[in-house]
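Start at 1 and go down the list; that is how both ligands and their atoms are numbered.
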Amino acid sequence: MKVVVLGSNGQLGSDVVRAFAENGDDVFPLTHSDIEIANGESVASKLRELQPALVVNTAAMHHVENCELKPESAFAVNALGARNLALTARDIGAVLIHVSTDYVFDGGKTSPYEEGDPPRPLSVYGNSKLAGEYFVRATLDKHFLLRTSAIYGKSPCRAKGGLNFIQLMLKLAKERGEVRVVDSEIVTPTSTSDLARQMVALSRCDSYGLYHATAEGACSWFEFAREIFTLTNTIVRLKVAGPNEFPAKVPRPKYSVLENRGLKLLGLNTFRPWQEGLQDYLGVSQSHKAATTR
Ligand SMILES: NC(=O)c1ccc[n+]([C@@H]2O[C@H](COP(=O)([O-])OP(=O)(O)OC[C@H]3O[C@@H](n4cnc5c(N)ncnc54)[C@H](OP(=O)(O)O)[C@@H]3O)[C@@H](O)[C@H]2O)c1
């Protein structure tokens, strides 16, 4: 299958390129310098030239604070950009896989969100991504919308710069010996290679629609940090941060766990528990676990 991947040098995009290539597909990676998704002409000319059967969009403006400061830019990329891709995909007869987010929810639930739960974003980022979902659904039948959560991968996240959460925790532990992490936000850390593998599996079927696509299980950022330190045998004093220690500049959902209901109903859910994705990322096995945090 001829597959175009947008945001191909990003954290998720790099693994998506790898996963489709390993699957034997004919992959055309596109970076921001190759295509501007907020520009309809740029999207139309590039995709018409390449004529892919599948377009995978990982490109987005997703730095939450920057989106709040520049709502027009966030909507231009995340909403109209998604519409531009859906319009051209429809014109050339391509399928679109588009990545969305757990931040379309307000976090008011205490059990995992399913695809049918009503979204209610708290931020410009969440609203712009939700608008992108609506544009895709209204424009193109042949779409897969995948909402994911707290992703991490081997390639750096370009929008956030530098280190992912795992690398940051390990760096802070080494430099300071004590790390303080919030336990008030519950998420599902999801490995980008696991998400990319799920995309390949889904792309072989025609059950188009909206899917939640995260690893199994849930944890607070504090619990995520504890698992990182345990798996890496890192000696560190890990403490729960006080309620006002890291005040969020933009409201975030307190609970954004997603249930992969749609994937499970299809019998296509390839995700494993978040701890196993983390073990793979760290290159350690369960047997290396030792109680080293205190
Ligand atoms: N990070 C998370 O925890 C998280 C959680 C849920 C959902 N998501 C979603 O996951 C997706 C991928 O995130 P990621 O961490 O892989 O992001 P990333 O590392 O920042 O990569 C994003 C890629 O998109 C490109 N891009 C940005 N704006 C573009 C535009 N207007 N036109 C064309 N290309 C553009 C970037 O290029 P430049 O850097 O050169 O601009 C970069 O290659 C996004 O849709 C995000 O909303 C992320």
Practice prompt. Test salt bridge (charged side-chain N to carboxylate O under 4.0 Å, His left out) on E216 and K264 and set out the steps.
Written response: CA-CA 11 Å; E216 295 294 317; K264 287 175 187 171; 3.1 Å; yes

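- Hydrophobic clustering (side-chain heavy atoms under 4.5 Å, transitive across Ile, Leu, Val, Met, Phe, Trp, Tyr) keeps L258 apart from Y211.
- Remark: ligand 1 atoms within the under-4.0 Å shell around heavy atoms of A60 are 24 (O), 27 (C), 28 (N), 44 (C), 45 (O), 47 (O).
- Set against the non-hydrogen atoms of G7, the atoms of ligand 1 under 4.0 Å away are 23 (C), 24 (O), 43 (O).
- Closest to atom 43 (O) of ligand 1, if we only count protein heavy atoms, is N9 OD1, 2.7 Å.
- When every heavy atom of T88 is checked against every heavy atom of A44, the shortest pair comes out as OG1-CA, 3.6 Å.
- Here the heavy atom of the protein found nearest to atom 30 (C) of ligand 1 is H32 NE2, 3.1 Å.
- With a heavy-atom cut-off of 4.0 Å, Y125 touches ligand 1 through its side chain alone.
- Both the backbone and the side chain of C157 come within contact range of ligand 1, each with a heavy atom under 4.0 Å.
- At least one N or O atom of E36, backbone or side chain, sits closer than 3.5 Å to an N or O atom of ligand 1.
- More than 12 heavy atoms of other shown residues, nucleotides or ligands fall within 6.0 angstrom of atom CD in E175.
- In terms of modelled atom types and a separation under 3.5 Å, the side chain of T190 and the main chain of T188 share a donor-acceptor contact.
- Counting heavy atoms from C-beta on, the side chains of L130 and E133 come closer than 4.5 Å.
- Set against the non-hydrogen atoms of A159, the atoms of ligand 1 under 4.0 Å away are 20 (O).
- Using modelled atom types, one side-chain atom of E68 and one backbone atom of V124 make a donor-acceptor pair closer than 3.5 Å.
- For the pair K154 and Y281, the cation-pi criterion (under 6.0 Å, within 45° of the ring axis) is fulfilled.
- Here the heavy atom of the protein found nearest to atom 21 (O) of ligand 1 is G10 CA, 3.4 Å.
- Counting only heavy atoms of the protein, atom 22 (C) of ligand 1 lies nearest to T58 O, 4.1 Å.
- Heavy-atom separations between G153 and ligand 1 are all 4.0 Å or longer.
- None of V27, V3, T58 except one satisfies the side-chain contact (heavy atoms from CB on, under 4.5 Å) rule with V16; the exception is T58.
- Between V99 and M199, the closest side-chain pair of non-hydrogen atoms falls below 4.5 Å.
- Ligand 1 lies nowhere less than 4.0 angstrom from a heavy atom belonging to H63.
- When S149, S100, P156, S33 are ranked by how near their heavy atoms come to atom 7 (C) of ligand 1, first place goes to S100.
- Residue contact annotation: A150 has a non-hydrogen atom under 4.0 Å from ligand 1.
- For the pair K2 and F28, the cation-pi criterion (under 6.0 Å, within 45° of the ring axis) is fulfilled.
- In terms of heavy atoms, C219 sits closest to F224 at SG-CB, 3.9 Å.
- Of the protein's heavy atoms, T148 O, 3.4 Å lies nearest to atom 6 (C) of ligand 1.
- Nearest to atom 24 (O) of ligand 1 among the protein's heavy atoms is A59 CA, 3.2 Å.
- Here the closest heavy-atom approach between residue M61 and residue V77 is recorded as N-CG1, 3.6 Å.
- Of all atoms in ligand 1, listed by their number and element, those nearer than 4.0 Å to a heavy atom of V77 are 31 (N).
- In this structure, the protein non-hydrogen atom closest to atom 17 (O) of ligand 1 is H62 NE2, 2.8 Å.
- Using a 4.0 Å cutoff on heavy atoms, K160 counts as a contact of ligand 1.
- Using a 4.0 Å cut-off to heavy atoms of I35, the atoms of ligand 1 that qualify are 32 (N), 33 (C).
- Every N/O-N/O distance between S8 and ligand 1 stays at or above 3.5 Å.
- Within the 4.0 Å heavy-atom criterion, neither part of S155 lies near ligand 1.
- For atom 48 (C) of ligand 1, the closest non-hydrogen atom of the protein is I151 CD1, 3.7 Å.
- For Q11, a nitrogen or oxygen atom sits less than 3.5 Å from a nitrogen or oxygen atom of ligand 1, counting backbone and side chain alike.
- Of the possible polar contacts, none joining the D183 side chain to the E223 backbone as a donor-acceptor pair under 3.5 Å is found.
- Where the criterion is an N or O separation shorter than 3.5 Å, residue side chain and backbone included, I37 meets it with respect to ligand 1.
- In summary, the aromatic rings of Y208 and F144 are positioned with their centroids under 6.0 Å apart.
- Under 4.0 Å from ligand 1, not a single heavy atom of M61 appears.
- The distance between the ring centers of H212 and F271 does not fall below 6.0 angstrom.
- When heavy-atom distances to ligand 1 are checked against a 4.0 Å cut-off, R147 has no atom that comes that close, whether in backbone or side chain.
- For ligand 1 and R158, the ligand atoms under 4.0 Å from any heavy atom of the residue are 18 (P), 19 (O), 20 (O), 37 (O), 38 (P), 39 (O), 40 (O), 42 (C), 43 (O).
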